[in-house]
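These figures come from a predicted structure and were not determined experimentally.
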Amino acid sequence: MAESDEKAVVLSYHDSLLRKSDVSLLEGPHWLNDKLIGFLFEYFENDRFKERCHHVRFISPDVTQFIKLGSHVELELFLQPLELHTKKLVFLAVNDSTDASQAGGSHWSLLVFSRKDGIISHYDSNHGYNEAAARSIAKKIYPYLRAYGEVEYQEALTPQQNNCYDCGIYVVSVTECLCMKYLESFKSPLDEFVTPGYVSKKRKDLIDLILRLAKGR
């Protein structure tokens, strides 16, 4: 693929800009980058769960990275406008990168705050690999949640990936399932919804979604 082809814009969607090189990662076996996960969080907020999403905050991977590594003063600037104290659910995509300039690294997981349950849950498809990063982020966002009483942190039971590259697909799939549970009273257990077969099919479904949105449908 020529460099100009890789940089060709496939989709401009709210604050997300996806190029051909980004979309090609979905063809696998490739690790999803922060642009794809950020786009899908925006899609959940602005389309998929739009009608029920006014009490939900999806925090983009780059902002989550800044929360993890930023100073207290910097956190104030980023977190106050998000009004986390007004949200019943908060989703954050966590990675293991120590580079403050970008969200990268080698593994993605999901951190979720549920005000109803009073719990910050970490969903990690690789046996808690990102636990240290998730606990650090949970500690930093806690004051901004203004939750009543003590908020429990837990490592949640999570369907496990069977390869080294599907962690981002698991983050997206678990996010979708939890939104269905909390916003649409979906009853199916997480491990019955997010299966290896579902994750494998999800890549093609996401490509189809991007192309459909690019065509304005």
Side-chain angles (χ1 to χ4, degrees), residues 10-11 13 16 18-50 52-53 56 58 60-61 64 89 91-96 103-112 114 117 119 121-131 133-134 154-215 217:
V10 176
L11 174 65
Y13 180 89
S16 293
L18 296 181
R19 301 184 183 276
K20 192 169 184 179
S21 57
D22 301 316
V23 179
S24 66
L25 296 176
L26 289 166
E27 297 172 0
H30 302 295
W31 186 83
L32 268 59
N33 63 14
D34 57 312
K35 293 179 182 179
L36 284 167
I37 294 177
F39 152 70
L40 289 163
F41 272 19
E42 284 200 295
Y43 172 72
F44 289 152
E45 180 176 354
N46 293 289
D47 270 288
R48 176 67 175 85
F49 301 104
K50 180 180 179 179
R52 302 175 177 87
C53 210
V56 181
F58 296 92
S60 66
T64 300
L89 288 170
F91 292 86
L92 308 96
V94 180
N95 68 75
D96 62 330
S106 60
H107 183 58
W108 291 108
S109 58
L110 179 69
L111 195 64
V112 183
S114 167
D117 299 329
I119 296 174
S121 301
H122 182 220
Y123 295 84
D124 195 329
S125 62
N126 189 21
H127 308 286
Y129 184 88
N130 277 353
E131 181 177 355
Q154 70 171 10
E155 287 290 316
L157 290 175
T158 309
Q160 298 293 291
Q161 63 194 86
N162 56 15
N163 55 51
C164 62
Y165 51 82
D166 269 339
C167 53
I169 298 290
Y170 273 85
V171 164
V172 171
S173 300
V174 171
T175 299
E176 183 175 23
C177 185
L178 292 176
C179 284
M180 292 165 65
K181 171 187 173 183
Y182 285 108
L183 304 178
E184 300 178 341
S185 300
F186 183 67
K187 302 298 184 184
S188 181
L190 187 59
D191 60 353
E192 292 182 10
F193 182 83
V194 184
T195 64
Y198 179 87
V199 168
S200 179
K201 182 176 180 296
K202 193 67 172 175
R203 287 181 174 269
K204 181 181 183 303
D205 290 345
L206 293 177
I207 292 174
D208 291 343
L209 168 66
I210 291 168
L211 296 180
R212 175 170 59 81
L213 291 173
K215 293 178 180 178
R217 297 204 304 267

Checklist line | K202/D166 ion pair, N-O < 4.0 Å | finding: no
Note to self: Going by the rule salt bridge (Lys or Arg N to Asp or Glu O under 4.0 Å), which residues pair with K204 if we only count those two or more places apart in sequence or in a different chain?
What the structure shows: D208
Note to self: Counting neighbours of NZ on K35 that are heavy atoms of other residues, nucleotides or ligands and sit closer than 6.0 Å, is the number greater than 12?
What the structure shows: no
Check: L209 and side chain to side chain contact (heavy atoms under 4.5 Å, CB included): which partner among L26, L40, D47?
Finding: L40
Next item on the list: Return the set of residues passing side-chain contact (heavy atoms from CB on, under 4.5 Å) with A93 (not counting sequence neighbours), or none when no residue passes.
Entry: I37, F41, P61, W108, V171
Margin query: Does any part of the side chain of S16, heavy atoms only, come nearer than 4.5 Å to the side chain of Y43, both counted from C-beta?
Written below: no
Check: For the side chain to side chain contact (heavy atoms under 4.5 Å, CB included) test, which of T64, T175, L110 pairs with L92?
Finding: T64
Show me, pair by pair, the donor-acceptor contacts under 3.5 angstrom made by side chains of residues 182-193, not counting sequence neighbours?
from: Y182; atom 1: OH; to: D117; atom 2: OD2; distance (Å): 2.7
from: E184; atom 1: OE2; to: R48; atom 2: NH1; distance (Å): 3.3

Margin query: According to salt bridge (Lys or Arg N to Asp or Glu O under 4.0 Å), who are the partners of D205, at least two apart in sequence or on a separate chain?
Written below: K201
Note to self: Is the shortest side-chain heavy-atom distance between T158 and Y170 below 4.5 Å?
What the structure shows: no
Check: Do the rings of Y13 and F39 sit parallel, tilted or perpendicular, given the 30° and 60° boundaries?
Finding: perpendicular
Checklist line | Results of side-chain hydrogen bond (donor to acceptor under 3.5 Å, both in side chains) for S109 - residues two or more places apart only | finding: H122, N130
Note to self: Working to the nearest 0.5 angstrom, can you tell me the gap between H107 NE2 and W31 CH2?
What the structure shows: 10.0 Å
Notebook entry, point to check: Any side-chain heavy atom of V194 within less than 4.5 Å of one from Q161?
Noted result: no
Notebook entry, point to check: What pairs with Y165 under side-chain hydrogen bond (donor to acceptor under 3.5 Å, both in side chains), at least two apart in sequence or on another chain?
Noted result: none
